[in-house]
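In listed order, ligands and their atoms are each counted from 1. Excluded from the calculations below are hydrogen atoms, water molecules and symmetry mates; all remaining heavy atoms, backbone and side chain alike, are included. Remember, it's a predicted structure, so these values are computed and weren't measured experimentally.
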Amino acid sequence: AKQKGGGQFRFFTQQMQRLALEALHVEYELRLAMQRGELELHYQPQVDLRSGEMTGVESLLRWRHPEKGMIPPAKFIPVAEDSGLIIPISEWVLEAACRQAKQWQEQGLPPFTVGVNLSARQFERSDLLGLVESVLASTGLAPERLDLEITEGALMGDVESARYTLTALRAMGVKVSVDDFGTGYSSLAYLKAFPLSKLKIDQSFVRNLENDASNAAIAKAVISLSHSLGLTVVAEGVETLQQKEYLSACGCNIAQGYFYSRPLEAHAIGEFLADTSRL
Ligand code: C2E
Ligand code: CA
Ligand code: CA
Ligand code: CA
């Protein structure tokens with residue numbers, strides 16, 4: 001048994017080494033990707049459930065790898081987080097999203113917000129406020145067009161500094177949404193302490209709403225409690241007409257998901273807006 005245990009241990013360390021090497025390789029490639037301009041943003045429409053109008057888009061990071069094709073963020077954000085590359089990447093994302101939003105505005109598209117995902121690490125940095133300010137100044141985007149998405153986890157760390165940051169962002173006119181609500185440990189009562197604009201119900205509660213009575217009940221309760229706190233509610237991962245109708249009947253304000261659109265390249269947003277069949 002002893003021998004077998006040793007063998008397992010060796011197997012385990014070999015696995016660990018392999019994983020560590022893989023991560024190093026991805027990190028190396030990711031650095032190159034930034035230098036070569038292989039990162040890009042796609043934008044997923046967010047639709048007002050009452051009017052059918054597009055009220056915003058969420059920017060979602062993609063890596064257009066020369067050989068491997070389009071790589072989704074789940075494949076490289078964890079490596080970026082661990083290596084600290086997430087900081088320059090996030091700065092690029094913020095700048096690129098704001099620049100694009102300003103460009104849509106200059107093309108004469110009706111006003112809508114652009115959502116940007118902030119990593120917890122970025123949210124905790126003392127230079128976040130300065131960064132947001134300088135990006136808004138350099139791109140000329142109106143602050144109320146920017147909607148920063150942060151997860152519950154980021155708010156749960158240092159409550160006092162989170163409150164300070166959110167208050168300062170609000171004073172600047174920037175919107176802040178809580179992302180993936182329901183997956184962390186925070187409660188709505190807890191969120192009450194923070195100045196927030198929107199709450200996004202995590203897609204795990206939207207999925208299967210039709211067949212999962214407890215998901216349906218959770219979504220309904222979250223919508224009603226959010227409204228009592230004065231928050232606008234966004235449902236993510238809406239894929240079917242049934243989901244959309246249920247959420248709409250519960251008073252959910254905004255929906256995002258494949259039912260309306262997959263994330264699109266920037267140039268396709270104008271076309272989505274022009275399609276009046278939703279209205
Ligand atoms: P998220 O912020 O929760 O983003 C929503 C994810 O759900 C996106 O995946 C989107 O493509 C996907 N999605 C949208 N509608 C549907 C639907 O109807 N059904 C299903 N099954 N999925 C849907 P994506 O683009 O792969 O992004 C995954 C995660 O990566 C994001 O989750 C976010 O946490 C992170 N991420 C993406 N872009 C950035 C970024 O610029 N910075 C940071 N820090 N994280 C990012
Ligand atoms: Ca998000
Ligand atoms: Ca989300
Ligand atoms: Ca998510």
Side-chain angles (χ1 to χ4, degrees), residues 30 33-34 38-47 54 56-64 69-101 113-125 128 131-132 135 146-155 175-184 186 196-210 215 219 222 233-244 247 254-266 268 272:
L30 197 45
M34 288 185 71
E38 290 169 12
L39 298 185
E40 60 185 61
L41 292 177
H42 287 194
Y43 301 90
Q44 188 174 36
Q46 299 174 320
V47 175
M54 189 186 92
V57 295
E58 176 180 5
S59 37
L60 294 159
L61 189 57
R62 302 286 180 264
W63 176 359
R64 196 184 286 273
M70 206 62 95
I71 305 180
K75 291 258 167 71
F76 62 91
I77 295 236
V79 173
E81 296 261 5
D82 289 344
S83 62
L85 276 180
I86 191 69
I87 299 300
I89 290 177
S90 304
E91 289 180 10
W92 178 82
V93 168
L94 184 64
E95 233 269 325
C98 290
R99 206 180 330 117
Q100 182 58 60
T113 58
V114 64
V116 173
N117 289 287
L118 280 193
S119 79
R121 283 186 61 171
Q122 198 184 13
F123 182 70
E124 282 156 9
R125 279 169 71 93
L128 175 70
L131 174 69
V132 171
V135 167
L146 178 61
D147 182 6
L148 298 175
E149 297 192 4
I150 50 173
T151 57
E152 292 169 70
L155 293 177
K175 297 201 168 76
V176 180
S177 302
V178 185
D179 201 2
D180 298 349
F181 185 79
T183 59
S186 67
L196 297 161
S197 310
K198 293 195 205 105
L199 181 144
K200 300 187 79 178
I201 305 179
D202 191 65
Q203 40 184 288
S204 58
F205 301 106
V206 174
R207 196 178 305 143
N208 249 329
L209 262 184
E210 306 92 318
N215 268 2
V222 169
V233 185
V234 183
E236 331 185 280
V238 177
E239 292 184 350
T240 68
L241 179 66
Q242 270 173 299
Q243 289 165 358
K244 175 212 153 200
L247 291 160
I254 295 168
Q256 178 184 345
Y258 298 166
F259 176 75
Y260 288 110
S261 174
R262 294 193 169 251
L264 302 171
E265 291 187 36
F272 183 86

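- Under 4.0 Å from ligand 1, the heavy atoms of Arg62 that appear belong solely to its side chain.
- Ligand 1 places these atoms under 4.0 Å from at least one heavy atom of Glu239: 17 (C), 18 (O), 19 (N), 20 (C), 21 (N).
- Proximity of Val238 to ligand 1, defined as any heavy-atom pair under 4.0 Å, is confined to the backbone N, CA, C and O atoms.
- A donor-acceptor contact closer than 3.5 angstrom links the side chains of Gln46 and Gln256.
- Shown in contact with Ser119 at under 4.0 Å from a heavy atom are these atoms of ligand 1, numbered in order with element: 44 (N).
- Heavy-atom proximity to Gly257, at under 4.0 Å, picks out these atoms of ligand 1: 15 (N), 18 (O).
- Restricting Glu58 to its N/O/S atoms, the shortest distance to the Ca ion (ligand 2) is reached by OE2.
- Inclusion of Asn117 in the first shell of the Ca ion (ligand 2) is supported: an N, O or S atom falls under 3.0 Å.
- Contacts between Asp202 and ligand 1, counted as non-hydrogen atom pairs separated by less than 4.0 Å, are absent for every part of the residue.
- Any N or O atom pair closer than 3.5 Å counts here, and Gln44 shares at least one such pair with ligand 1.
- Residue Asp179 places at least one N or O, backbone or side chain, under 3.5 Å from an N or O of ligand 1.
- Between the Ca ion (ligand 3) and Asp180 there is an N/O/S contact shorter than 3.0 Å.
- Checked by distance only, ligand 1 and Glu149 stay at 3.5 Å or farther apart across all their nitrogen or oxygen atoms.
- Between the side chains of His42 and Glu40, at least one donor N or O lies within less than 3.5 Å of an accepting N or O.
- Residue Asp179 approaches the Ca ion (ligand 3) most closely through its N/O/S atom OD1.
- If you look at Glu236 next to ligand 1, the close heavy atoms, those under 4.0 Å, all belong to the side chain.
- Restricting Glu149 to its N, O or S atoms, the one at the least distance from the Ca ion (ligand 2) is OE1.
- The Ca ion (ligand 3) has an N, O or S atom of Glu236 closer than 3.0 Å.
- Checking only distances, Pro263 never comes within under 3.5 Å of ligand 1, N or O to N or O.
- In Glu58, the part holding a heavy atom less than 4.0 Å from any atom of ligand 1 is the side chain.
- Here Asn117 contributes atom CG and Leu60 contributes atom CG; the two are 6.0 Å apart, rounded to the nearest 0.5 Å.
- No side-chain donor-acceptor contact under 3.5 Å links Glu95 to the backbone of Val135.
- Taking every non-hydrogen atom of Asp180 and a distance limit under 4.0 Å, the qualifying atoms of ligand 1 come out as 3 (O).
- Side-chain atoms of Asp147 and Ser177 include a donor-acceptor pair closer than 3.5 Å.
- Contacts between Gln203 and ligand 1 below 4.0 angstrom, taking non-hydrogen atoms only, involve the side chain exclusively.
- Contacts of Leu60 with ligand 1, taken as heavy-atom pairs under 4.0 Å, involve both backbone and side chain.
- Considering both main-chain and side-chain atoms, Tyr258 comes within under 3.5 Å of ligand 1 through a nitrogen or oxygen pair.
- A salt bridge links Glu265 and Arg64; the closest N-O separation between the charged side-chain nitrogens and carboxylate oxygens is under 4.0 Å.
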